[in-house]
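In each ligand, atom 1 is the first atom listed, and ligand 1 is the first ligand listed.
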Amino acid sequence: MAKDIKTIGVLTSGGDAPGMNAVTRAVVRTALAKGMRVMGIRKGFAGLITGDIFEMDARSVSDTIQRGGTILHTARCPEFINKEVQERGAEMCRVFGIDGVVVIGGDGSFQGAEKLANLGINTIGIPGTIDLDIACTDYTIGFDTAVNTAMEAIDKIRDTSTSHERCSIVEVMGRNAGYIALWCGIVNGAEYIFLPERENISENDLIRRILENREKGKKHNLIIVAEGVGGSTELAERIEKVTGISARATILGHLQRGGSPTAVDRMHASMMGAVAVELLAEGKSNRVVAYKDGKYIDIDINEALKMEKNIDDYHVEVSRLLETR
Ligand code: ADP
Ligand code: F6P
């Protein structure tokens, strides 16, 4: 018989992402509406094992839907890979009367959620990461805000780059995934996008392209480099040395993780938070909420973790067609 869920816990884990507060809000409000109690767990699995846990009411999430970061705070807790630490986490749930936990984070956090599920705590994962690198879902909360933040920053870099007739190399986040780079490359009109998922052109070919474009009258150059490729500072130095064109590298860094979430992020966050609570209410466990082909679905965590994410071939093809030549 499915476990009757009376009290749920909610935590955010791994890197924060804009929209995590909107998920927390949706989890809290949906659970309260269904007559459940809600416990907030601070600092991800780190707060779970130390009992950094507090009761949440409807007011706990007031005025948070528009706020970046996560009011629950987040942490990386490497020791949670140890069985005895996971058992301490499950025991802490029992101490606080928590029957089910919503884990908002990426693939790493889902592995932690799976371990808790195996120890008898019903768990549901919600994809929250700016990287869009979770295979089971078409969308991860935070991506749209991060891409818009990066796009606006790159537009600004472009202004000064044009004024000085420079070559700008901009490195964007994404860990081993190139989604932010690919999207920025297309929406900012880059001359080339270095992606970790593809073989990229040689540096000689890139330099040849830059010089040819200058001959055609181009006043600036914009190259996007994904974090997973890296080396943007050194690339800028070599381009300047070989071409004589002034080149600057900008690593956008953590500004991509902050800021007020876009409508897209708030919407997915609200829907996924509600779906997660519905799943717990139905007695489900070890599931991830996913957005697939326009619908919210749930998938077994183990299955989800086995899936491989591939960058879309057609997006890459179009990005290559649009690169200035
Ligand atoms: P993300 O969730 O964004 O992928 P991480 O990979 O840093 O971020 O993982 C977040 C946290 O999830 C880790 O700090 C750890 O507490 C937990 N975690 C990651 N991998 C495992 C694992 N194999 N077993 C148990 N917990 C894990
Ligand atoms: O997963 C989100 C992310 O911002 C990645 O894009 C990046 O590689 C990583 O986290 C940075 O982590 P930290 O906050 O530990 O510097």
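- Protein residues lining ligand 2, listed by chain and number: Arg76, Thr129, Ile130, Asp131, Met173, Gly174, Arg175, Glu227, His254, Arg257 [non-hydrogen atoms, distance under 4.0 Å].
- In summary, the side chains of Asn221 and Arg214 do present a donor paired with an acceptor at a separation below 3.5 Å, with no hydrogens or angles considered.
- A donor-acceptor contact shorter than 3.5 Å links the side chain of Lys309 to the backbone of Ile134.
- The shortest heavy-atom distance from Thr129 to ligand 1 is not under 4.0 Å.
- Proximity to Ser13 (heavy-atom distance under 4.0 Å) selects the following atoms of ligand 1: 10 (C), 11 (C), 12 (O).
- Neither side chain, Asn148 nor Glu152, offers a donor N or O lying under 3.5 Å from an acceptor on the other.
- With Asn82 contributing its side chain and Val85 its backbone, the two residues share no donor-acceptor pair below 3.5 Å.
- Contact annotation for Arg76 and ligand 1: heavy atoms of both the backbone and the side chain come within less than 4.0 Å of the ligand.
- For Glu55, the side chain to side chain donor-acceptor pair (under 3.5 Å) partners two or more places apart in sequence, or in a different chain, are Arg37.
- Each of the atoms 1 (P), 2 (O), 3 (O), 4 (O) of ligand 1 lies under 4.0 Å from some heavy atom of Gly106.
- Residues Glu87 and Lys83 are paired through a salt bridge, judged by an N-O separation under 4.0 Å between the basic side chain and the carboxylate.
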Pair up each side-chain donor or acceptor in residues 286-293 with any protein partner under 3.5 Å, not counting sequence neighbours, and list the distances.
residue	atom	partner	partner atom	Å
Asn286	ND2	Asn302	OD1	2.7
Arg287	NE	Asp298	OD2	2.8
Arg287	NH2	Asp298	O	3.1
Arg287	NH2	Asp298	OD2	3.2
Lys292	NZ	Asp138	OD1	2.9

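- Tyr139 and Asp265 share a donor-acceptor pair across their side chains, judged by distance under 3.5 Å alone.
- Using a 4.0 Å cut-off between charged side-chain N and carboxylate O, Asp159 and Lys156 make no salt bridge.
- Of all the listed residues (Gly44, Gly112, Gly108), Gly108 holds the heavy atom that lies closest to atom 19 (C) of ligand 1.
- The protein non-hydrogen atom at the shortest distance from atom 25 (C) of ligand 1 is Phe80 O, 3.4 Å.
- Counting protein heavy atoms only, atom 22 (C) of ligand 1 is closest to Ile81 CG2, 3.4 Å.
- The closest protein non-hydrogen atom to atom 8 (O) of ligand 1 is Gly14 CA, 3.6 Å.
- If you number the atoms of ligand 1 from 1 as listed, the ones under 4.0 Å from a heavy atom of Cys77 come out as 13 (C), 14 (O), 15 (C), 16 (O).
- What sits closest to atom 23 (N) of ligand 1 on the protein, heavy atoms only, is Gln111 OE1, 2.8 Å.
- For Thr233, the side-chain contact (heavy atoms from CB on, under 4.5 Å) test picks out Glu237, Ala249, Ile251, with sequence neighbours left out.
- Side-chain N/O atoms of Ser260 and Arg266 include a donor and acceptor closer than 3.5 Å.
- For atom 10 (C) of ligand 1, the choice among Ala113, Gly15, Ala46, Ser109 with the nearest heavy atom turns out to be Ser109.
- An N or O contact shorter than 3.5 Å is missing between Phe45 and ligand 1 by distance.
- At least one test fails for Lys115 against the ring of Phe45: distance under 6.0 Å to the centre or angle within 45° of the axis.
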